[in-house]
Amino acid sequence: MVARALLGRVLVCELARTRIAGRIVEVEAYRGRHDPASHAFRGRTGRNAVMFGPPARAYVYFTYGMHHCLNLVCEPRGTAAAVLVRALEPLAGEALLRRRRGVRERERLLRGPGCVAQGLGLSREHDGLPLGRGGLWVAAGAPRRGRRRVRSGPRIGIRRARGRPWRYWLDGHPCVSFGVARAPRAVPR
DNA sequence: GTATCGATTAGC
DNA sequence: CTAATCGATACA
């Protein structure tokens, strides 16, 4: 699976003459037309069009009236699958991250999908950005996935298709959005 | 046209 | 636990 393989690799963001890098420690897979929790479940729309396009592009969407989230499109044209980047361990650009995020603790700088987009400075204008040419790419990354085991479980914050364990994270990593210490709250209703 | 919800977060 | 805040979606 693409999602699992991304763990431990390094996401590099060089936009607007800045440089931020982070180890990918938590992701979720969304599987298009076959996945009731995916934005692409009901077909192509203006928002999700990038997911139906070629792979290795950023799908950036706006949600809750105030947050953006970053996905990496990972299947061929016509198949709308993407991986949501939920959390990174900061490796470069921490001073800028502290300024953008307004928090001091390193483990909170890029913990949670909204925080990732805010930290990297991503918004809808970056939707469709090709990886590798537009200032955003995935580098080879850390050996042995940061020396942690990969765990999987239900995705966070969804109401449909909760039985599918398509969230993947590095076990015990302090930059994971919901670990042992912080359990995910149940989605209401 | 109106009503409801959301791949979230921070704060109490 | 809730407010914030607005685009997407559901429904009349």
Side-chain angles (χ1 to χ4, degrees), chain A residues 1-4 6-7 11 22 24-53 55 57-75 79-90 97-129 136 138 151-170 174-179 181-189:
Chain A
M1 332 270 252
V2 179
R4 205 185 164 90
L6 282 170
L7 289 178
L11 184 68
I24 300 173
V25 300
E26 180 187 359
V27 295
E28 286 176 356
Y30 285 87
R31 304 179 81 179
R33 303 299 303 244
H34 306 287
D35 179 2
S38 170
H39 290 165
F41 183 61
R42 289 178 170 80
R44 179 183 179 131
T45 66
R47 173 174 70 161
N48 66 22
V50 167
M51 266 201 287
F52 287 82
R57 292 192 178 201
Y59 165 47
V60 182
Y61 68 87
F62 180 65
T63 190
Y64 287 101
M66 64 194 86
H67 300 297
H68 289 86
C69 296
L70 167 68
N71 293 253
L72 307 180
V73 178
C74 59
E75 291 286 333
T79 303
V83 173
L84 173 69
V85 180
R86 285 196 58 92
L88 305 170
E89 174 192 347
L97 286 172
R98 289 197 169 88
R99 211 175 321 135
R100 282 178 174 169
R101 292 272 303 109
V103 295
R104 299 188 58 81
E105 306 98 302
R106 176 171 178 266
E107 59 272 16
R108 286 187 53 194
L109 293 176
L110 295 167
R111 190 172 72 188
C115 301
V116 168
Q118 185 183 36
L120 299 185
L122 299 174
S123 63
R124 279 292 280 173
E125 63 195 78
H126 303 101
D127 186 48
L129 191 70
L136 183 69
V138 177
R151 293 193 52 186
S152 67
R155 294 171 290 181
I156 304 288
I158 58 169
R159 291 170 56 183
R160 293 175 298 206
R162 287 201 230 174
R164 303 174 192 191
W166 292 344
R167 172 181 176 233
Y168 303 90
W169 69 96
L170 296 186
C175 298
V176 166
S177 69
F178 292 99
R182 296 186 338 133
R185 278 200 340 265
V187 184
R189 247 164 308 178

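Atoms considered below: every heavy atom in the structure, side chains included; atoms not considered: hydrogens, waters and symmetry mates. Here is how names work: the chains are called A, B, and so on, in the same order as the sequence lines, proteins then strands, and each is numbered from 1.
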*asked:* side-chain contact (heavy atoms from CB on, under 4.5 Å), that's the test. Do A/Leu84 and A/Tyr61 meet it? Break it down for me.
replied: CA-CA 11 Å; A/Leu84 173 69; A/Tyr61 68 87; 4.2 Å; yes
*Taking the inter-plane angle between the rings of A/His68 and A/Phe62 on a 0 to 90° scale, is it parallel (under 30°), tilted (30 to 60°) or perpendicular (over 60°)?*
tilted
*Between the side chains of A/Arg100 and A/Gln118, does any donor sit under 3.5 Å from an acceptor?*
no
Between [N] ([atom2]) and [X] ([atom1]): distance, integer Å:
| X | N | atom1 | atom2 | answer |
| --- | --- | --- | --- | --- |
| A/Leu109 | B/dT9 | CG | P | 14 Å |
| A/Glu105 | B/dA10 | CD | P | 10 Å |
| A/Arg159 | B/dT8 | CZ | P | 13 Å |
| A/His67 | B/dA7 | NE2 | C1' | 12 Å |
| A/Leu72 | B/dA7 | CG | P | 18 Å |
| A/Arg162 | B/dG6 | CZ | C1' | 13 Å |
| A/Ile156 | B/dT9 | CD1 | P | 10 Å |
| A/Leu110 | B/dT9 | CG | C1' | 15 Å |

Say you draw a straight line from [atom1] of [X] to [atom2] of [Y]; how long is it, rounded to the nearest 0.5 Å?
| X | Y | atom1 | atom2 | answer |
| --- | --- | --- | --- | --- |
| A/Ser152 | A/Met1 | OG | CE | 8.0 Å |
| A/Cys115 | A/Leu109 | SG | CG | 9.0 Å |
| A/Arg98 | A/Arg108 | CZ | CZ | 12.0 Å |
| A/Tyr30 | A/Asn71 | OH | CG | 8.5 Å |

_Ion pair check, A/Glu89 and A/Arg111, cut-off under 4.0 Å_ = no
*Taking OP1 and OP2 of B/dA10, is either one under 4.0 Å from a side-chain nitrogen or oxygen of A/Arg101?*
yes
*Are OP1 or OP2 of B/dA7 and a side-chain N or O of A/Arg86 less than 4.0 angstrom apart?*
no
*asked:* On DNA chain C, compare the nucleotides closest to A/Tyr64 and A/Arg185; which residue's is nearer the 5' end?
replied: A/Arg185
*Take nucleotides 7-12 of chain C nucleotide by nucleotide from the 5' end and write B, S or -, depending on whether a protein heavy atom sits under 4.0 Å from the base, only from the sugar-phosphate, or from neither.*
-SSS--
_A/Glu107 vs A/Pro90 side-chain heavy atoms within contact, under 4.5 Å_ = no
*Where does DNA chain B pair, written as one dot-bracket string 5' to 3', with Watson-Crick or G-U pairs under 3.5 Å, ( ) inside the strand, [ ] for crossing pairs and | for another strand?*
||||||.||||.
*Within the stacking criterion (centroid distance below 5.5 Å, interplanar angle below 30°), does A/Tyr61 stack on B/dA7?*
no
*With heavy atoms under 4.0 Å as the rule, sort A/Leu84 into base, sugar-phosphate or nothing.*
base
